[in-house]
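No experiment lies behind these values; they were computed from the predicted model shown.
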Amino acid sequence: MSSGPSALASTIWKKASMAITGLVLFGFVLAHMAGNLKAYQGASKLNQYAEHLREMGAPIFDHGQLLWVARLVLLAALAVHVAATIALTLRNWSARPVSYAYRKSPETSAVSRTMIVTGPIILAFVVFHILHFTTGQAHPSFQPGDAFGNVVSGFRGHLGVVAIYVVALLA
């Protein structure tokens with residue numbers, strides 16, 4: 001057996017970790033989007049959905065406990081995803097410290113080539129989104145328990161906030 005890197009330090013393991021955590025994060029985004037679309041059904045539907053998230057797992061879990069478990073799983077997936085991304089990027093850069101004189105990568109998509117920029121934009125947006133709609137620190141008129149009211153007041157008349165969300169969605 002060769003004396004190569006350990007399994008956890010291997011490029012394949014890092015890429016597999018990124019794929020798995022990417023799927024977890026993507027699944028969350030799809031579920032989150034589906035839930036947020038309830039806003040188009042009116043205040044009661046969105047607020048019922050938000051309350052359902054806090055009551056998930058009852059009676060085994062208390063109010064909001066399973067939601068915090070889900071948040072911790074997402075945070076762990078994000079941490080693994082970012083750590084693997086940084087490690088692979090640094091490994092890639094150190095493998096070829098001198099750039100190619102001419103670079104043409106037809107086998108890579110524009111999305112994959114811009115992830116180094118869009119990833120941090122999305123990460124910053126997630127932090128802002130949590131402060132805006134989960135904890136309320138970035139929302140001047142946040143009302144706990146009123147998801148619909150928070151969405152409406154969080155965007156109405158706040159073009160800067162709308163711009164943040166548009167840039168994040170484009171990223």
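- Taken from CG in Leu74 to CZ in Phe28, the straight-line distance is 5.5 Å, to the nearest 0.5 Å.
- Here the side chain of Gln65 pairs a donor or acceptor atom with the backbone of Asp62 at under 3.5 angstrom.
- Listed here is the closest heavy atom pair of Thr135 and Leu131: OG1-CA, 3.4 Å.
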Quiz prompt | Check against side-chain contact (heavy atoms from CB on, under 4.5 Å), Val80 and Ile20 | solution = CA-CA 10 Å; Val80 169; Ile20 292 165; over 6 Å; no
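- Under the 4.5 Å side-chain contact rule for hydrophobic residues, Val69 and Leu53 share a cluster.
- Within the 4.5 Å cutoff, no side-chain heavy atoms of Leu75 are placed close to those of Arg71.
- Closest approach of Ala138 and Pro140 over heavy atoms only: O-CD, 3.9 Å.
- Here the closest non-hydrogen pair linking Gly22 and His81 is N-ND1, 3.6 Å.
- Minimum heavy-atom separation, Asn47 to Ala147: OD1-N, 2.8 Å.
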Exercise. Let me see the working for Phe133 and Phe155 under ring pair (Phe, Tyr, Trp, His ring centres under 6.0 Å), right down to the final yes or no.
Key: CA-CA 11 Å; Phe133 286 132; Phe155 290 123; 5.6 Å; yes
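- In this structure, Leu25 is not a member of the same hydrophobic cluster as Leu23, with clusters built from ILVMFWY side-chain heavy atoms closer than 4.5 Å.
- Closest approach of Val24 to Ala77, counting heavy atoms only: CG1-CB, 4.1 Å.
- Put simply, NE2 on His63 and CD on Glu51 are 5.0 Å apart, with the number rounded to the nearest 0.5 Å.
- A heavy-atom distance below 4.5 Å is not found between the side chains of Leu46 and Tyr40.
- The hydrophobic cluster containing Phe148 also contains Tyr49, counting ILVMFWY residues as joined when their side-chain heavy atoms lie under 4.5 angstrom apart, directly or transitively.
- Rounded to the nearest 0.5 angstrom, Lys45 NZ and Leu37 CG are separated by 14.0 Å.
- A donor-acceptor pair is defined here as one N or O able to donate and one able to accept, closer than 3.5 Å; such a pair exists between the side chain of Ser10 and the backbone of Trp13.
- Side-chain atoms of Leu88 and Thr11, non-hydrogen and from C-beta on, do get closer than 4.5 Å to each other.
- Within the model, atoms CZ of Arg156 and OG of Ser141 stand 10.0 Å from one another, a figure rounded to the nearest 0.5 Å.
- Cluster membership check: Leu72 does not share its hydrophobic cluster with Leu78, using side-chain heavy-atom separations under 4.5 Å among Ile, Leu, Val, Met, Phe, Trp and Tyr.
- With contacts defined as side-chain heavy-atom distances shorter than 4.5 Å, the pair Phe61/Met56 does not qualify.
- From Ile130, atom CD1 reaches atom OG1 of Thr134 across 5.5 Å, with rounding to the nearest 0.5 Å.
- No path of Ile, Leu, Val, Met, Phe, Trp and Tyr side chains, each step under 4.5 Å between heavy atoms, connects Ile121 with Phe128, placing them in separate hydrophobic clusters.
- Once rounded to the nearest 0.5 Å, the distance linking NZ of Lys14 with CD1 of Ile12 reads 11.5 Å.
- The shortest distance between side-chain heavy atoms of Ile116 and Thr85 does not fall below 4.5 Å.
- Between Ser153 and Gln143, every side-chain heavy-atom pair lies at or beyond the 4.5 Å cut-off.
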Show me, pair by pair, the donor-acceptor contacts under 3.5 angstrom made by side chains of residues 163-171, not counting sequence neighbours?
{"unit_1": "Tyr165", "atom_1": "OH", "unit_2": "His129", "atom_2": "ND1", "d": "2.8"}
{"unit_1": "Tyr165", "atom_1": "OH", "unit_2": "His132", "atom_2": "ND1", "d": "3.0"}

